[in-house]
**Student:** 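The structure follows.
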Amino acid sequence: MTSPGAARLKELDREHHLHPFTDFKALGEEGSRIIVDAEGVYIQDADGHRILDGMAGLWCVNLGYGRQELVDAASEQLTQLPYYNNFFKTTHPPAVELAETLCRLAPAHMNRVFFTGSGSEANDTVLRMVRRYWALKGQPEKQWIIGRENGYHGSTVAGMSLGGMAPMHEQGGPCVPGITHIRQPYWFGEGRDQTPEAFGRACAEALEARIQELGSDKVAAFIAEPVQGAGGAIIPPDSYWPAIKEVLERHQILLVVDEVICGFGRLGEWFGSVHYDLKPDLMPIAKGLSSGYLPIGGVLVGDRVAETLIDEGGEFYHGFTYSGHPVCAAVALKNLELMQAEGVVERVRDDLGPYLATRWKSLESHPLIGEARSLGLIGALEIVADKDSGKRFDKSLAVGNLCRDICFETGLVMRSVGDTMVISPPLVISHDEIDELVRLAREALDETLRRLTAQGVEITAAEEADA
Ligand SMILES: *Cc1c(COP(=O)(O)O)cnc(C)c1O
């Protein structure tokens with residue numbers, strides 16, 4: 001039941017609030033869901049529904065909701081020193097301590113961090129550092145940055161330009177010049193006519209081909225997420241990253257690994273780069289850095305770039321008022337301390353990741369599911385009209401969104417990316433809660449199937465798939 005307070009909030013929201021990544025008009029007609037409370041892996045809305053948050057907010061509430069230690073860290077820092085900046089040769093203890101902790105947790109060759117307020121700002125910083133680096137190396141013509149179609153690197157102009165989300169480019173363009181995109185390693189969506197291994201190598205060959213087209217003396221960097229998040233939890237074939245690394249090394253091109261989602265334990269290591277044995281030059285971070293309790297991001301910088309910027313760069317004309325904000329930094333520091341003390345990352349690797357993998361895979365038996373994949377605590381379900389061929393439903397049916405809305409009613413937050421359903425739960429989820437998540441997902445799929453069947457939508461037979 002909607003309380004009078006909630007009804008009023010919904011009305012005011014409709015009148016005054018433009019939501020991010022939202023069809024304003026459609027939301028105005030439907031009204032929004034107001035989240036008022038949360039504990040552990042559950043959120044609660046103003047109508048009193050308790051919902052299992054299978055997305056950890058937006059891929060960020062890694063330690064779960066209601067952690068008093070993080071609240072205390074914020075309140076103590078607010079009392080001590082609510083704000084000071086890191087410009088003009090000043091700093092403060094939380095920024096310094098967070099920098100040291102991050103560099104200790106990062107791969108050995110990464111010993112510097114530049115703080116930002118978000119993941120998008122981190123990628124703006126990346127763009128500037130990459131081009132600055134090559135200018136200082138005496139190769140200012142090395143300007144091109146290669147990203148990937150359907151990659152996500154944020155929503156500022158630089159972030160959306162580095163990303164490969166076509167709808168964002170159409171609305172936000174013209175994009176920053178000197179950025180180009182190659183195909184994504186999305187085997188289920190684009191590569192099933194080959195083995196995953198052959199497809200992974202073909203994607204790396206696309207990188208080689210693009211470098212040849214542009215001229216390797218003109219290419220500055222390649223940017224990618226270890227596992228694409230917003231694009232649909234796309235886990236690359238095992239052959240992909242080794243082949244990509246080989247191409248980049250041969251052409252002396254910087255590697256930027258966007259760890260905004262994969263960083264801080266999501267894949268069962270502190271960074272996705274560790275899981276895939278990448279040696280990135282730059283790693284943008286955000287989200288799980290503070291478990292989402294306060295906004296903070298940054299760029300971890302490898303030695304070869306850092307040393308050049310430091311020794312030869314002079315003043316770097318870049319930074320944000322809230323770069324390394326003391327309260328955000330104090331919360332991030334406490335978050336990392338808790339993760340270490342509680343062995344959160346190791347538990348994802350050794351226990352929760354493998355447990356989710358077997359339970360999640362069981363959903364592949366559902367009539368609507370063409371593939372159920374996961375790695376660590378990120379997972380995806382591919383909804384298809386035909387299990388054998390992988391044929392999709394007509395786009396106009398928006399089956400993914402239908403399933404997402406049903407999930408909410410069922411008591412689960414699961415995100416849809418087209419007809420791909422995605423989860424990324426808090427890293428503190430228990431076995432019982434994983435069981436519940438999988439049960440709720442199956443219920444929602446059953447209900448989706450029921451509604452499609454009731455509408456007369458055909459769940460196509462295998463032999464009709466090529467038609
Ligand atoms: C969310 C995200 C960003 C952008 O971070 P914001 O804090 O929303 O600006 C960048 N890269 C990746 C991989 C992300 O998932």
Side-chain angles (χ1 to χ4, degrees), residues 19-22 55-62 113-130 145 147-165 168-169 172 175-176 179 181 184-186 221-236 255-267 271-273 275-276 278 280 282-300 320-325 328-329 331-332 335 375-380 415 417 420 422-425 427:
H19 293 225
F21 282 96
T22 292
M55 284 302 299
L58 273 179
W59 326 82
C60 55
V61 188
N62 287 359
V113 61
F114 189 101
F115 288 117
T116 68
S118 68
S120 300
E121 288 177 5
N123 280 312
D124 275 59
T125 303
V126 158
L127 182 74
R128 300 177 58 140
M129 279 187 175
V130 160
I145 300 178
R148 304 186 302 182
E149 290 161 7
N150 199 35
Y152 189 76
H153 301 297
S155 194
T156 54
V157 174
M160 73 103 187
S161 300
L162 291 165
M165 298 281 175
M168 292 176 78
H169 293 171
C175 294
V176 174
I179 298 171
H181 303 86
Q184 55 178 336
Y186 182 19
F222 175 66
I223 181 167
E225 303 150 81
V227 167
Q228 278 154 272
I234 295 164
I235 303 165
L255 172 58
V256 182
V257 178
D258 186 334
E259 295 274 4
V260 171
I261 286 176
C262 295
F264 310 105
R266 178 71 40 207
L267 304 188
F271 296 95
S273 295
H275 176 83
Y276 285 113
L278 311 175
L282 298 164
M283 293 200 310
I285 53 176
K287 292 193 172 119
L289 169 56
S290 64
S291 279
Y293 278 53
L294 283 174
I296 181 166
V299 182
L300 277 154
F320 304 101
T321 303
Y322 299 137
S323 284
H325 189 288
C328 305
V331 168
N335 178 59
L375 176 62
L377 287 187
I378 190 168
R415 174 159 163 183
V417 179
T420 307
V422 176
I423 55 156
S424 169
L427 305 184

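This one's a predicted model, so the numbers in the text were calculated from it and none came from an experiment. Each residue takes its place number in the sequence, starting with 1. Start at 1 and go down the list; that is how both ligands and their atoms are numbered.
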**Student:** For ligand 1 and Asp258, I'd like to know whether there is a polar contact (N/O to N/O, distance under 3.5 Å).
**Tutor:** yes

**Student:** Under 3.5 Å, N or O to N or O, is His153 touching ligand 1 that way?
**Tutor:** no

**Student:** For residues His153 and Pro284, determine if any side-chain heavy atom of one lies less than 4.5 Å from a side-chain heavy atom of the other.
**Tutor:** no

**Student:** Identify, for atom 9 (O) of ligand 1, the protein heavy atom at the shortest distance, and state residue, atom and that distance.
**Tutor:** Ser120 OG, 2.5 Å

**Student:** By number and element, which atoms of ligand 1 are closer than 4.0 Å to a non-hydrogen atom of Ile261?
**Tutor:** 15 (O)

**Student:** From Gln228 CD over to Arg148 CZ, what is the distance, rounded to the nearest 0.5 angstrom?
**Tutor:** 4.0 Å

**Student:** Which ligand 1 atoms, with their elements, are less than 4.0 angstrom from a heavy-atom of Asn123?
**Tutor:** 10 (C), 11 (N)

**Student:** Can you tell me if OH on Tyr186 sees more than 12 non-hydrogen neighbours from other groups inside 6.0 Å?
**Tutor:** yes

**Student:** State the OG-CD1 distance between Ser161 and Ile179, to the nearest 0.5 angstrom.
**Tutor:** 5.0 Å

**Student:** Considering only heavy atoms from C-beta outward, does the side chain of Leu267 approach that of Tyr276 to under 4.5 Å?
**Tutor:** yes

**Student:** Within a distance under 4.0 Å of any heavy atom of Glu225, pick out the atoms of ligand 1 and give their elements.
**Tutor:** 13 (C)

**Student:** Under 4.0 Å from a heavy atom of Ser118: give me the atoms of ligand 1 that qualify, with their elements.
**Tutor:** 7 (O), 9 (O)

**Student:** Could you give the distance from CE (Met283) to SG (Cys262), rounded to the nearest 0.5 Å?
**Tutor:** 11.0 Å

**Student:** Pick, from Gly119, Cys60, Ser424, the option with the minimum heavy-atom distance to atom 7 (O) of ligand 1.
**Tutor:** Gly119

**Student:** Can you find a pair of side-chain heavy atoms, one from Trp59 and one from Val260, that are under 4.5 Å apart?
**Tutor:** no

**Student:** Hey, which atoms in ligand 1 end up nearer than 4.0 Å to a heavy atom of Lys287?
**Tutor:** 1 (C), 2 (C), 3 (C), 14 (C), 15 (O)

**Student:** With a heavy-atom distance limit of 4.0 Å, tell me whether Trp59 approaches ligand 1 through its side chain, its backbone, both, or neither.
**Tutor:** neither

